[in-house]
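What follows is a set of notes on a single structure, which appears directly below.
If you read the sequence from its start, that first residue is 1, and numbering goes on from there.
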Amino acid sequence: MMTTDAPAETRKISRKPARLRRRQDFVRASKTGARFSARLFTLQMAGRSAPEDGAAPAEARFGFTVTKKVAGAVGRNRIRRRLKEALRVSGDLGARAGRDYVFVARRGALDASFADIVTQMAEGFARLDERHAANSRRKQKDRPAAS
């Protein structure tokens with residue numbers, strides 16, 4: 001039986017987050033998106049276009065990348081499972097709808113405490129949201145006034 005070092009108050013049951021499945025989505029987040037580097041992972045974010053019918057933006061989607069440099073197959077799978085579970089039990093931690101997020105894991109994620117993973121995820125989402133808001137304000141300011 002496997003135990004987790006997740007704090008008891010964090011252990012709430014929630015559904016699985018939506019996943020990125022296509023390579024094209026991972027590449028888009030890598031090339032065009034904002035980036036936040038933490039000790040345990042790098043978090044990349046890319047926005048998606050809004051639905052044309054005026055509906056609310058689709059839910060946030062998440063992808064996980066763990067390269068062979070980080071660990072062997074068993075270690076890579078364990079890191080991926082830990083990141084997914086931290087995201088699931090913490091309820092997306094402020095991830096915004098209509099955006100794609102990619103976690104690129106580092107070796108430290110294998111041995112880090114569960115609380116550290118959750119804390120760095122929350123910090124990453126907050127920082128990327130701040131950057132996105134600042135960039136959109138800057139873009140609006142640079143646009144000429146409509147006549």
query: With ring centroids as reference points, do Y101 and F125 lie under 6.0 angstrom apart?
result: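 They qualify: ring centres under 6.0 Å apart.
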
message: Under a 4.0 Å threshold between the charged nitrogen and the carboxylate oxygen, would E85 count as salt-bridged to R81?
response: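 Salt bridge: no.
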
query: Are the charged groups of R22 and D100 less than 4.0 angstrom apart, N to O?
result: no

Taking all non-hydrogen atoms of both residues into account, name the closest pair between [X] and [Y] and its distance.
X    : Y    : answer
Q120 : L40  : OE1-N, 3.1 Å
M121 : L83  : CE-O, 3.3 Å
A29  : A46  : CA-CB, 3.6 Å
T42  : S37  : OG1-OG, 3.8 Å
P17  : F62  : CB-CD1, 3.5 Å
G75  : L110 : O-CD1, 3.8 Å

Verify same cluster id: [X], [Y] (apolar side-chain graph, 4.5 Å):
X    : Y    : result
I79  : F26  : no
L87  : V104 : no
V118 : M45  : yes
F41  : L20  : no
F64  : I117 : yes

message: I need the D25 CG to R19 CZ distance, nearest 0.5 Å.
response: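 Interatomic distance, D25 CG to R19 CZ, rounded to 0.5 Å: 12.0 Å.
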
task: With rounding to the nearest 0.5 Å, note down the distance linking CZ in R99 to CG in L128.
output: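 Output value for this atom pair is 8.5 Å.
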
task: Start with the C-alpha distance between K68 and R76, add both sets of side-chain angles, then the distance that settles side chain to side chain contact (heavy atoms under 4.5 Å, CB included), and finish with yes or no.
output: CA-CA 8 Å; K68 288 184 178 181; R76 290 194 311 269; 3.5 Å; yes

Any E123 side-chain heavy atom under 4.5 Å of F36 side chain: yes

query: Can you find a heavy atom in the side chain of R80 that is under 4.5 Å from one in the side chain of N77?
result: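 Yes, close enough: below the 4.5 Å cut-off.
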
Side chain to side chain contact (heavy atoms under 4.5 Å, CB included) between R127 and L43, intermediate numbers included: CA-CA 10 Å; R127 291 265 181 93; L43 179 58; over 6 Å; no

task: Give the intermediate values and the outcome of side chain to side chain contact (heavy atoms under 4.5 Å, CB included) for residues V27 and Q24.
output: CA-CA 5 Å; V27 171; Q24 170 185 347; 5.8 Å; no

query: Taking the side chain from R82 and the backbone from A109, do they hold a donor-acceptor pair closer than 3.5 Å?
result: yes

